[in-house]
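The chains referred to below are lettered A, B, ... by the order of the sequence lines, with proteins before strands, and numbering in each begins at 1.
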Amino acid sequence: MDRQSLEASLGEATRAARALLGCTLVRTTPAGLRRARIVETEAYPAGDPACHAFRGETRRNRSLFARRGHIYVYRIHRSVCLNVATGRPGYGEGVLIRAVEPVEGVDLMERARTRASVGRQMPSGVNLTNGPGKLCQALDIELELDGFDLLAARDGAPLRVLPRRLAPPIVATPRIGISVAKNELLRFVIRDSAWASR
DNA sequence: ACGGAGATGGACT
DNA sequence: GTCCATCTCCGTT
């Protein structure tokens with residue numbers, strides 16, 4: 001099977017996970033503006049047992065079934081994770097954003113991470129955003145943003161994604177932290193990025 | 001009402 | 001590598 005038909009069989013999520021690499025997340029809060037480049041993603045296609053939508057739609061995973069571009073934000077232990085839905089309505093699938101590279105508003109990110117890490121070592125450098133929970137802390141992404149439509153967002157919206165100029169070099173690896181479908185190459189990283197999680 | 005699981009992060013050995 | 005903090009949702013009672 002060639003790569004195109006393989007990706008087609010895995011759904012839109014895989015293409016989107018690659019396409020999001022190099023794009024810029026723009027976060028606007030009363031505190032100011034933060035920008036960060038996406039350097040690591042994971043695809044969770046429809047029909048994948050590791051996908052939160054695998055067992056059908058529930059109140060929690062509702063946003064994964066929304067139209068392409070809606071975000072699915074959920075809590076895991078003490079962390080919050082950010083996903084972008086990629087399917088047509090009724091197809092639960094999406095992309096987990098696993099790491100970003102700070103571009104603007106680093107001071108705000110440091111403050112947000114420090115606030116969320118009271119009593120622990122102050123996060124800095126790559127440690128600011130090199131994990132799915134860390135980037136949500138740094139960008140103040142909370143559960144309230146669950147269901148927000150990224151693609152309808154305009155200038156000044158709480159969260160936007162801006163297209164990249166050039167397609168970056170990409171490395172595919174197995175996904176991290178899951179208990180099923182561990183061997184699928186559905187984690188995508190910008191090659192040699194220092195800002196990836198591992 | 002209750003128990004368990006979870007796409008994690010941080011501290012520590 | 002190991003441990004565990006601490007929360008939400010979900011399936012079952």
Side-chain angles (χ1 to χ4, degrees), chain A residues 10-21 25 36 38-66 70-87 91-102 109-148 150 170-190 194-198:
Chain A
L10 291 175
E12 185 64 20
T14 303
R15 272 189 295 276
R18 291 173 165 276
L20 280 167
L21 289 178
L25 282 176
I38 300 171
V39 301
E40 178 180 344
T41 58
E42 283 178 357
Y44 287 90
D48 166 20
C51 179
H52 281 191
F54 183 64
R55 288 178 182 78
E57 184 174 340
T58 64
R59 192 163 65 251
R60 176 213 223 171
N61 67 20
R62 206 176 74 84
S63 305
L64 263 188
F65 289 81
H70 288 70
I71 62 175
Y72 166 49
V73 182
Y74 74 98
R75 177 177 293 281
I76 174 73
H77 296 270
R78 285 187 293 189
S79 311
V80 165
C81 293
L82 168 67
N83 304 252
V84 182
T86 56
Y91 290 77
E93 57 177 19
V95 175
L96 170 69
I97 311 297
R98 279 199 57 92
V100 299
E101 171 180 349
M109 298 186 203
E110 285 175 342
R111 228 173 296 163
R113 289 275 288 127
T114 302
R115 217 186 303 129
S117 310
V118 279
R120 294 189 285 266
Q121 192 176 44
M122 177 152 81
S124 64
V126 296
N127 220 4
L128 223 42
T129 54
N130 64 351
K134 296 179 187 179
L135 90 248
C136 286
Q137 277 186 5
L139 298 176
D140 279 319
I141 291 170
E142 310 284 357
L143 291 179
E144 296 83 65
L145 277 175
D146 182 46
F148 185 79
L150 268 188
I170 296 173
V171 177
T173 79
R175 293 173 294 183
I176 292 173
I178 54 174
S179 54
V180 290
K182 291 180 179 176
N183 296 324
E184 307 293 334
L185 300 180
L186 293 176
R187 171 174 173 259
F188 303 100
V189 189
I190 294 184
W195 300 91
S197 66
R198 298 198 173 169

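Atom CZ of A:R198 is separated from atom P of C:dG1 by 8 Å (rounded to the nearest Å). The nearest whole Å value for the distance from the CZ atom in A:F54 to the P atom in B:dG6 is 14 Å. Note: NE2 (A:H52) to C1' (C:dC9) measures 11 Å, nearest angstrom. Note: CD (A:E93) to C1' (B:dA7) measures 16 Å, nearest angstrom. Rounding to whole angstrom units, CG of residue A:L64 and C1' of C:dC10 are separated by 16 Å. Summarising the geometry, the separation between CZ on A:R55 and C1' on B:dG4 is reported as 14 Å, rounded to the nearest angstrom. Rounded to whole angstrom, the span from the CG atom of A:L143 across to the P atom of C:dT6 amounts to 17 Å. Between the P atom of B:dT8 and the CG atom of A:L128 lies a distance of 19 Å, rounded to the nearest Å.
For the OP1/OP2 pair of B:dG6 and a distance below 4.0 Å, the side-chain nitrogens and oxygens of A:H77 include no atom meeting the criterion. Residue A:K134 places at least one side-chain N or O closer than 4.0 Å to OP1 or OP2 of B:dG10.
Residues A:G177 and A:R113 both approach DNA chain B. Their nearest nucleotides, taken by heavy-atom distance, put A:G177 toward the 5′ side.
Checked against C:dG11, B:dT8, C:dT6, the side chain of A:R78 finds its nearest nucleotide in C:dT6. The A:R60 side chain lies nearest to C:dC9 when the options are C:dC9, B:dG10, B:dG9. In this structure, of B:dA7, C:dC7, B:dG10, it is B:dA7 that holds the atom nearest to the side chain of A:I178. Picking from B:dA7, C:dC10, C:dT8 the nucleotide with the shortest atom distance to the side chain of A:R59 gives C:dC10. Listed nucleotides B:dG9, C:dC9, B:dA7 differ in distance to A:P132; the shortest reach to its side chain belongs to B:dG9.
A salt bridge does not link A:R175 with A:E184: every distance from a Lys NZ or Arg NE/NH1/NH2 to an Asp or Glu carboxylate oxygen is 4.0 Å or more. Here A:D146 does not pair with A:R59 in a salt bridge; the nearest charged N to carboxylate O distance is not below 4.0 Å. Salt-bridge formation is not detected for the pair A:R113/A:E110: no Lys NZ or Arg NE/NH1/NH2 atom is positioned less than 4.0 Å from an Asp or Glu carboxylate oxygen.
Remark: the A:R175 side chain and the B:dA7 base include no donor-acceptor N/O pair separated by less than 3.5 Å.
Both distances falling under 3.5 Å, in either a Watson-Crick or a G-U wobble arrangement, place C:dT2 opposite B:dA11. Partner assigned to B:dA5 is C:dT8, using Watson-Crick or G-U wobble distances below 3.5 angstrom.
Using a 4.0 Å heavy-atom distance criterion, A:R62 is classed as making no nucleic acid contact.
Residues A:P123 and A:T114 have side chains in contact (heavy-atom distance under 4.5 Å, counting atoms from C-beta outward).
When atom types are taken as modelled, the side chain of A:N83 and the backbone of A:G94 share no donor-acceptor pair closer than 3.5 angstrom.
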